[in-house]
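FYI, side chains are in, hydrogens and waters are out, and symmetry mates aren't considered; it's all heavy atoms of this structure. Letters A, B, ... mirror the listed sequences (proteins, then strands); counts begin at 1. Values in this document were obtained by computation on a predicted structure and should not be read as measured data.
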Protein chains: 2
Amino acid sequence: MVVRNAVLGLLAQRPRHGYELRAAFEALAGGEENWDVKPAQVYTTLTRLERDGLVVEQSVEQDAGPEKRIYALTAEGQAALQDWLAEGTPPEHQRDEFYLKLMLALVSGAVDPYRLLNTQRTVLYRELHAITNQRARTDPNRELAKVLLLNKVAMRLEADLRWLDMTEARLDEIRRQPLPEPEARPRGRPRKGIE
Amino acid sequence: MVVRNAVLGLLAQRPRHGYELRAAFEALAGGEENWDVKPAQVYTTLTRLERDGLVVEQSVEQDAGPEKRIYALTAEGQAALQDWLAEGTPPEHQRDEFYLKLMLALVSGAVDPYRLLNTQRTVLYRELHAITNQRARTDPNRELAKVLLLNKVAMRLEADLRWLDMTEARLDEIRRQPLPEPEARPRGRPRKGIE
DNA sequence: GGTGCCATGTAACGCGTTACATGATTAT
DNA sequence: ATAATCATGTAACGCGTTACATGGCACC
């Protein structure tokens with residue numbers, strides 16, 4: 001969904017061909033080490049967008065090199081882009097992988113939960129360190145956008161690290177708790193009216 | 001990937017059938033309002049896990065009701081689970097949707113970036129408010145795990161809100177900057193040796 | 001008899017990845 | 001030559017969603 005709309009946004013700026021879209025996307029998203037879009041995705045996305053009438057193949061250029069299929073936004077495409085930009089962006093799912101992993105470690109008993117927390121702390125610290133270094137090497141006068149992105153990532157990592165400490169302090173309490181057993185719910189009794 | 005491994009974790013605790021897995025997963029992950037796994041995903045996941053030898057169909061029970069196909073972990077499945085739990089969890093992609101949206105608003109000129117920031121601030125505040133209320137209604141003695149999850153989400157939202165303020169303060173500077181134009185790169189000249 | 005829960009699936013599609021395949025141009 | 005960049009795709013698969021389909025049981 002994000003890539004699809006990003007393609008629309010870049011075509012709103014000016015018509016482009018697939019290869020160019022890929023490069024432009026990665027430049028905006030913070031470089032290929034951060035968000036690597038595969039060619040296959042770009043071309044299939046363009047095919048679907050054309051099929052859905054959000055984009056048209058404007059022309060095929062060929063100036064000393066391979067042919068370039070140039071796409072442009074349609075009115076429908078412009079509208080779709082505007083809708084997407086106007087919408088609020090839902091805080092990308094609290095489908096939290098690490099939290100679940102910790103819970104599964106507790107119920108399955110397969111690994112030591114304290115080891116899990118320590119491993120994760122190391123991962124986050126390393127990542128934070130890498131991000132901080134990268135930020136220090138980035139010139140805020142020429143690449144302010146990138147610095148802002150790095151700040152966002154760093155702030156999230158710091159929040160997650162604080163959470164790890166908090167959670168470790170409470171871990172013994174969680175272990176003493178019975179974990180939720182949903183199959184204990186009574187059968188066949190409607191429960192809608194209660195809530 | 002997460003659901004797949006979560007299924008392994010729940011089967012490590014004890015053999016279960018699909019419907020039961022779904023309920024158990026949602027109980028662990030913080031309720032269906034937070035992470036809703038569709039039946040289709042559970043059953044297709046089980047099929048693939050069985051095909052890959054991580055899980056076997058142990059038996060088919062039928063005690064006064066529909067039949068239940070009960071699955072159990074294999075040794076391979078146990079090993080796969082342990083690998084997953086032992087691995088660090090990569091900080092789920094800095095593929096940040098809102099950041100990209102903001103950049104696209106700037107390059108496409110389709111909407112006012114300040115409006116974007118304000119909309120997002122409202123979204124995050126509302127979400128934070130909802131989470132805080134939910135946390136206040138949750139008994140930390142009976143559902144400590146859920147409280148911890150809510151804390152994590154709240155801490156991230158607070159970090160994102162602080163970032164929004166920071167970014168708004170810098171927005172005029174970003175607007176004055178030329179955005180990266182990757183197609184300005186010279187053609188056909190190798191660039192690996194430079195980096 | 002209707003509603004709602006228990007329990008199982010299939011089909012079709014979107015998004016994303018990996019691997020494969022082709023062919024032109026340009027720098028060394 | 002050969003390596004790298006420019007430029008386009010197809011095929012197969014995994015994950016996830018929506019929609020559809022089936023059937024038994026329990027409660028009112």
Side-chain angles (χ1 to χ4, degrees), chain A residues 1-7 16-25 29 32 35-52 54 57 59-71 92-93 95 97 182-195, chain B residues 1-7 16-25 29 32 35-52 54 57 59-71 92-93 95 97 182-195:
Chain A
M1 206 67 211
V2 186
V3 174
R4 188 173 176 267
N5 287 296
V7 166
R16 299 174 194 254
H17 56 94
Y19 194 90
E20 210 183 342
L21 281 166
R22 192 190 171 210
F25 177 86
E32 72 178 285
W35 194 335
D36 176 36
V37 184
K38 272 71 174 182
Q41 196 183 347
V42 174
Y43 295 113
T44 52
T45 299
L46 280 170
T47 307
R48 275 192 297 262
L49 285 172
E50 191 175 24
R51 183 202 56 190
D52 297 345
L54 305 188
E57 195 180 311
S59 62
V60 179
E61 272 185 28
Q62 190 161 14
D63 52 65
E67 52 177 33
K68 304 172 187 176
R69 311 170 82 84
I70 296 179
Y71 291 89
E92 0 212 331
H93 36 344
R95 289 151 131 82
E97 178 166 356
E183 50 278 322
R185 269 148 60 188
R187 305 178 85 213
R189 187 155 16 112
R191 332 179 71 256
K192 270 285 161 61
I194 304 170
E195 322 270 315
Chain B
M1 206 66 210
V2 185
V3 173
R4 188 172 174 267
N5 287 296
V7 166
R16 298 173 195 256
H17 56 94
Y19 194 90
E20 209 183 341
L21 281 166
R22 191 190 172 209
F25 177 85
E32 71 178 286
W35 195 334
D36 177 35
V37 183
K38 272 72 173 181
Q41 196 185 346
V42 175
Y43 294 113
T44 52
T45 298
L46 280 171
T47 306
R48 277 193 296 264
L49 284 172
E50 190 174 26
R51 182 202 56 190
D52 298 343
L54 305 187
E57 196 182 310
S59 61
V60 180
E61 274 185 27
Q62 192 162 10
D63 51 64
E67 52 178 34
K68 305 171 188 176
R69 311 169 82 85
I70 295 178
Y71 292 87
E92 4 212 326
H93 39 347
R95 289 152 132 81
E97 178 166 357
E183 51 278 319
R185 270 149 60 187
R187 307 178 82 215
R189 187 152 21 106
R191 331 180 71 256
K192 269 287 165 56
I194 303 170
E195 326 267 317

Distance in angstrom units between [X] [atom1] and [N] [atom2], rounded:
X	N	atom1	atom2	result
A:Arg16	D:dT8	CZ	P	13 Å
A:Glu20	D:dC6	CD	C1'	11 Å
B:Lys68	C:dC5	NZ	P	17 Å

Protein-to-nucleotide contact annotation, 5' to 3' order, nucleotides 10-17 of chain D [B base; S sugar-phosphate only; - none; under 4.0 Å, heavy atom]: B---SSSB
Intermediate values then yes/no, side chain to side chain contact (heavy atoms under 4.5 Å, CB included), A:Val7 and A:Val42: CA-CA 8 Å; A:Val7 166; A:Val42 174; 5.6 Å; no
Partner residues of B:Glu32 under the side chain to side chain contact (heavy atoms under 4.5 Å, CB included) criterion, sequence neighbours left out: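 Only B:Glu26 meet the side chain to side chain contact (heavy atoms under 4.5 Å, CB included) criterion with B:Glu32.
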B:Glu97: side chain to side chain donor-acceptor pair (under 3.5 Å) partners, not counting sequence neighbours: A:Trp84
For B:Glu57, all residues meeting salt bridge (Lys or Arg N to Asp or Glu O under 4.0 Å), sequence neighbours excluded: B:Arg69
Nearest-neighbour nucleotide for the A:His17 side chain, C:dT8, D:dG9, D:dA7 considered: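 Nearest listed nucleotide: D:dA7.
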Steps toward side chain to side chain contact (heavy atoms under 4.5 Å, CB included) verdict (B:Leu49, B:Arg4): CA-CA 8 Å; B:Leu49 284 172; B:Arg4 188 172 174 267; 3.8 Å; yes
Validation row: B:Val37, B:Leu21 side chains within 4.5 angstrom (heavy atoms): no
Any side-chain heavy-atom pair of A:Tyr71 and A:Glu50 under 4.5 Å: yes
Contact list for residues 35-47 of chain B, test side-chain hydrogen bond (donor to acceptor under 3.5 Å, both in side chains), sequence neighbours left out: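 Matches after skipping sequence neighbours: B:Arg22-B:Asp36, B:Asp36-B:Lys38.
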Helix axis bend for the helix from C:dG1-D:dC28 to C:dT28-D:dA1 - C1'-based end axes, five pairs, 10° rounding: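 About 10°, once rounded to a multiple of 10°.
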Contact under 4.0 Å: B:Arg69 side-chain N or O vs C:dG9 OP1/OP2: yes
